[in-house]
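Structure first, commentary second.
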Amino acid sequence: MTVPPGGADTTSVSTRLRERFDPRPALSRAVTDLPAIAQLTVAAMGAYVFSLFVLGHSAPVLAGTVAVSSLGLVRDARPRRVAETVGGMLLGIVISEILLRLVGPGWWQLGITLAVVVFVARALSPQPGFAIAAAIQGLIVLLFPMAPTEASWSRLADGAVGGVAALLVTALVPRNPRAEVLREARALFAAIDDATATLIRALEDGDRSRAERALEKARALDPLVRAWQESLDSAVAVARISPFLRRRRAELDRYRRVMAATDLAVRNLRVVARRSGYLIDDGVPRPIPADLLRSLARALALVGESLDDIAQQIPAREAARAVARHLDPAQLAPGASAGEHSVISALRPFAVDLLVATGLSEDEARAAMPRI
């Protein structure tokens, strides 16, 4: 074998270095967060300018910090979450201002104030972020002395301005809810397709180890489902208060119905994978369940495509209905084992979930299958 100039090791190290210093993921992440960056910028600038020129505060630090900290770059930008974070920050400012007047500034006063702020915040809210937000603002109050010309409680006013700016920006400069929701949905449907493809191959080959991998992949879908649900809940909450997202509300409601049905489908897919693992423990291929699952996987892929293009909803429904009407274990595999009948029976609720995801009610979806 001829070794290229520089040796094989040189080529391998070069590849690893390219992967390690590839700027594309970083740029993609930054571009994806551009709407959130715009929100932060507008809120912080607006709060700072208002406190500086309207209220006349010489250094309204808390106006900007409260606005930025309450919005953040997290996926969950629901107004309620933003309001809770703002409440925690204002609580920290109030308690710190009171203790500053009672015990004064200093290193041991800092410890007392921080302990009191965190204790009270934890008592008022079960969310850890609430207490941390309060503590951070309390530290700012103690570590950055107020200018002599500033009026009492001016920093509380700055914090309130920052909170109001964050809430206004949430409604008036909303992030693109559809793009975030579809990005999470695509990631989920791609992972579901991977899990079902692995399970189909396991049934075709009678491969127990591959079925176990499929079950692991199906179990790993839960974080993707939660991510989609979180982004969707955030989008729906923002759409309720934003006049610019009014026309998106019906579409977001449709996404929620699809998400709920898909969540149930993922759970039933785990049941199918678990039963399939027991079934092919003998190493015998099971082509009938494999073909049925392949057809349902095609219908599921169409459900994912219908999020982008609602015209795909009808083909998805008909594809799922075509399989559902034949899901009678006794007719499909009359001489098969009880284990194979069990797998085919587990596909019935999976098919119901797919039909519900295409817009049918649960009763209509169940009526599409033969009675057993």
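Source: prediction; values computed, not measured.
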* Between Arg270 and Asp222, is there a salt bridge with N-O shorter than 4.0 Å? -> yes
* Asked: Does Arg249 come within less than 4.0 Å of Asp253, counting only side-chain N to carboxylate O?
  -> no
* Taking the side chain as every heavy atom from C-beta outward, state whether Met259 and Val181 have any atom pair closer than 4.5 Å. => no
* Under a 4.5 Å cut-off applied to non-hydrogen side-chain atoms, are Gln229 and Leu232 in contact? -> no
* **Sole residue of Leu293, Val271, Leu292 in side chain to side chain contact (heavy atoms under 4.5 Å, CB included) with Phe350** => Leu293
* To do: For Arg213 and Thr198, test the side chains for any donor-to-acceptor distance below 3.5 angstrom and give the result as yes or no.
  => no
* **Arg248/Glu251 salt bridge by N-O under 4.0 Å criterion** => yes
* Structure fact -> Residues at least two apart in sequence or cross-chain that pass salt bridge (charged side-chain N to carboxylate O under 4.0 Å, His left out) with Arg286, listed by chain then number, are Asp282, Glu340
* Asked: Would you say Leu156 has more than 12 foreign heavy atoms packed within less than 6.0 Å of its CG?
  -> yes
* Are Val141 and Leu62 side-chain neighbours, meaning at least one heavy-atom pair lies under 4.5 Å? -> yes
* **Spacing of CG belonging to Asp207 relative to CD1 belonging to Ile280, to within rounding of 0.5 Å** => 6.5 Å
* Could you state the interatomic distance from CG (Leu90) to CD (Gln137), rounded to the nearest 0.5 Å? -> 8.5 Å
* State plainly whether the residues Arg366 and Glu362 are in salt-bridge range, i.e. N to O under 4.0 Å. => yes
* Asked: Would you call Arg183-Glu180 a salt bridge at under 4.0 Å N-O?
  -> yes
* Starting at CD1 of Ile136, measure out to CD1 of Ile93 and round the result to the nearest 0.5 Å. => 11.5 Å
* **Heavy-atom side-chain contact between Phe130 and Leu91 under 4.5 Å** => yes
* Asked: Hey, does Ser96 have a side-chain heavy atom less than 4.5 Å from the side chain of Val117?
  -> yes
* To do: Report yes if some heavy atom in the side chain of Arg155 is under 4.5 Å from a heavy atom in the side chain of Ser51; otherwise report no.
  => no
* To do: Please check if atom CZ in Arg201 has more than 12 non-hydrogen atoms from other residues, nucleotides or ligands closer than 6.0 Å.
  => no
* **Gap separating the CG atom of Leu143 from the CD1 atom of Ile140, nearest 0.5 angstrom** => 8.5 Å
* Going by heavy atoms in the side chains, are Leu142 and Pro105 under 4.5 Å from each other? -> no
* Ser125 side chain reached by Glu84 side chain, heavy atoms, under 4.5 Å -> no
* Charged N to carboxylate O below 4.0 Å: is that the case for Asp353 and Arg267? -> no
* Asked: Among all residues two or more places apart in sequence or in another chain, which pass the side-chain hydrogen bond (donor to acceptor under 3.5 Å, both in side chains) test with Asp291?
  -> Arg294
